[in-house]
Amino acid sequence: MSSLPVVIIGSGLAGYTVAREFRKLDTETPILIISSDHGGFYSKPTLSNALATGKTPASIVTASSEKMAEQLKLTVLPHSRVTAIDPPGKSVTLQNRERLQYSQLILALGADPIRLPLEGAGAEDILSVNDLDDYQRLRRTLEGKKEVTILGAGLIGCEFANDLTIAGYRVRVVDISAQPLGRLLPQAGGAYMQRRLEAAGVVFHLGAATQSVERIHESLRVTLANGDVIQTDVVLSAVGLRPRTALAEAAGIEVNRGIKVGRSLETRHEDIYALGDCAEVEGRVLPFVMPIMHAARGLAATLARIPTPVRYPAMPVLVKTPACPTVVSPPDAGAQGEWLVEEYVDGVKALFKSRDDKLLGIALLGASTKEKNALAAQLPAVME
Ligand SMILES: Cc1cc2nc3c(=O)[nH]c(=O)nc-3n(C[C@H](O)[C@H](O)[C@H](O)COP(=O)(O)OP(=O)(O)OC[C@H]3O[C@@H](n4cnc5c(N)ncnc54)[C@H](O)[C@@H]3O)c2cc1C
């Protein structure tokens, strides 16, 4: 067996989960995790409900990089950025120019928050949260402040809106779409979510593009394209993520929206794989926890030389908005069919059905979430 390590770039959920799964199959092969961040293990989804659950940035980290190294019998290089990959030479180069050889290489690089091209000098004060360091910055900025404006009414925007409201902040949410969670929920579901969040204190500015952010002394002035002006203390952007593809692309690894991989998470380069938020698995970018768990299990077996294509079952997503508990599994892009919606005083049940009556998607809000298990069991696998 090769004494060269399996090298994993990235210490997020994808990197650590594949390492943990691989260790269950192979206790000997050295594993090296290289990470540009602190290398500690934490649950990223906690970041958008930490205020309500009383967690501090420090308490969110459940194991330091040293602890992870000890637990999983591996080496972690925290605060180390990989600047280049050499596929023919089977090596990576670090920022300090050190070159490290690998036997197999896993790209678990995550994604970057998208930044809107906004006018105004205040635009550089806009925060976004996609990792613990970002979250620490947000918590510091919030100290002594009252008003928060969130750009983006998607999953992360709505979760932060609810969390900040619970903690006593006055929250506004701006989105170009006419409803919250526009990409995930049918119209009635979005309207229900909006009503529940409004009842919790959130003010929505929908169908409105953000034009500029100016700094006026201690506060920020957000101007929308419809002429509305919002005076606020903090602006948090939650308009989406873009898979980190630059490192792979520079090495000649094929990228599209994400780093392109096949069913075994393999790139076209021998012994180079990708998973998690950076990867596009047979055309799908699925930046959620459940796909990572399934991908990591399959990939660990493949790394242990038991080729195992990834299989994704239906993977409904739980939206962490206590004001409006929500479970959603949207139909595949391009699926033919329609949403059949039942509206109740205390919830919405929406089923996306094909013309031949097959259940292809669900959106359950409020009291209807109690049907989650029964309905999710009827959904088709995302990838057989
Ligand atoms: C606020 C928030 C709430 C969420 N809530 C949910 C939820 O409720 N349910 C759900 O399913 N999903 C949720 N998600 C999504 C989920 O958390 C992510 O899909 C998952 O954590 C991504 O893990 P990852 O390992 O792919 O990426 P990341 O965790 O981003 O890890 C990427 C790693 O790569 C490292 N890295 C990048 N480039 C380099 C380089 N050149 N050299 C060295 N290291 C590098 C980074 O430092 C980092 O360690 C949420 C996401 C956010 C932001």
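Order of appearance sets the numbers: ligands from 1, and atoms from 1 within every ligand.
Each of the following atoms of ligand 1 lies closer than 4.0 Å to a heavy atom of Ser35: 43 (C), 44 (N), 47 (O), 49 (O). Residue-ligand proximity, Ile292 to ligand 1, at heavy-atom distances under 4.0 Å covers atoms 19 (O), 20 (C), 22 (C), 23 (O), 26 (O). Within ligand 1, the atoms closer than 4.0 Å to a non-hydrogen atom of Ala108 are 32 (C), 33 (C), 34 (O), numbered from 1 in the order shown. Here is the list of ligand 1 atoms found below 4.0 Å of a heavy atom in Lys320: 4 (C), 5 (N), 6 (C), 7 (C), 8 (O). Close approach of ligand 1 to Ile34 (heavy-atom distance below 4.0 Å) involves ligand atoms 43 (C), 44 (N). With ligand atoms numbered from 1 in the order given, ligand 1 contributes 26 (O) to contacts under 4.0 Å with heavy atoms of Gly276. Near Arg244, with a cut-off below 4.0 Å to any heavy atom, the atoms of ligand 1 are 37 (C). Residue contact check: Pro287 has heavy atoms under 4.0 Å from atoms 15 (C), 19 (O) of ligand 1.
Summary of contacts: the protein heavy atom closest to atom 50 (C) of ligand 1 is Ile156 CD1, 3.9 Å. Ranking protein heavy atoms by distance to atom 27 (O) of ligand 1, first place goes to Gly110 CA, 3.4 Å. Ranking protein heavy atoms by distance to atom 30 (O) of ligand 1, first place goes to Lys44 NZ, 2.9 Å.
Within the 4.0 Å heavy-atom shell around ligand 1 one does not find Asp131. Within the 4.0 Å heavy-atom cutoff, Val129 counts among the residues contacting ligand 1.
Counting only N and O atoms by type, the side chains of Asn162 and Thr165 include no donor and acceptor under 3.5 Å apart. A donor atom on one side chain and an acceptor atom on the other are not found under 3.5 Å apart for Gln104 and Tyr102. Between the side chains of Ser48 and Glu159, at least one donor N or O sits under 3.5 Å from an acceptor N or O. Between the side chains of Ser11 and Asp37, at least one donor N or O lies within less than 3.5 Å of an accepting N or O. No side-chain N or O of His294 forms a donor-acceptor pair with one of Arg311 less than 3.5 Å apart.
For the pair Ile9 and ligand 1, the shortest N or O to N or O distance does not fall below 3.5 Å. Considering backbone and side-chain N/O atoms, Ser48 never comes within less than 3.5 Å of an N/O atom of ligand 1. Residue Met290 has no N or O atom closer than 3.5 Å to an N or O atom of ligand 1. The shortest N/O to N/O separation between Leu47 and ligand 1 does not fall below 3.5 Å.
Among Pro45, Ser80, Ser43, Ser36, the residue whose heavy atom lies closest to atom 13 (C) of ligand 1 is Pro45.
Asp26 and Glu28 make their closest contact through OD1-N, 2.8 Å (heavy atoms, listed as atom of the first residue, atom of the second, distance).
Remark: Arg20 is positioned above the aromatic ring of Phe41, its terminal NZ or CZ atom under 6.0 angstrom from the ring centre and at most 45 degrees off the axis.
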Practice problem: Under the side chain to side chain donor-acceptor pair (under 3.5 Å) rule, what do Lys44 and Asn130 come out as? Steps first, then yes or no, please. | Solution: CA-CA 8 Å; Lys44 198 187 278 197; Asn130 186 41; 3.1 Å; yes

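With rounding to the nearest 0.5 angstrom, the CG atom of Leu51 is 8.0 Å from the OG1 atom of Thr53.
With a 6.0 Å radius and a threshold of 12 heavy atoms from other residues, nucleotides or ligands, Arg196 has its CZ atom at or below the threshold.
Lys320 pairs with exactly one of Leu155, Asp163, Asn49 by the side chain to side chain contact (heavy atoms under 4.5 Å, CB included) rule, that one being Asn49.
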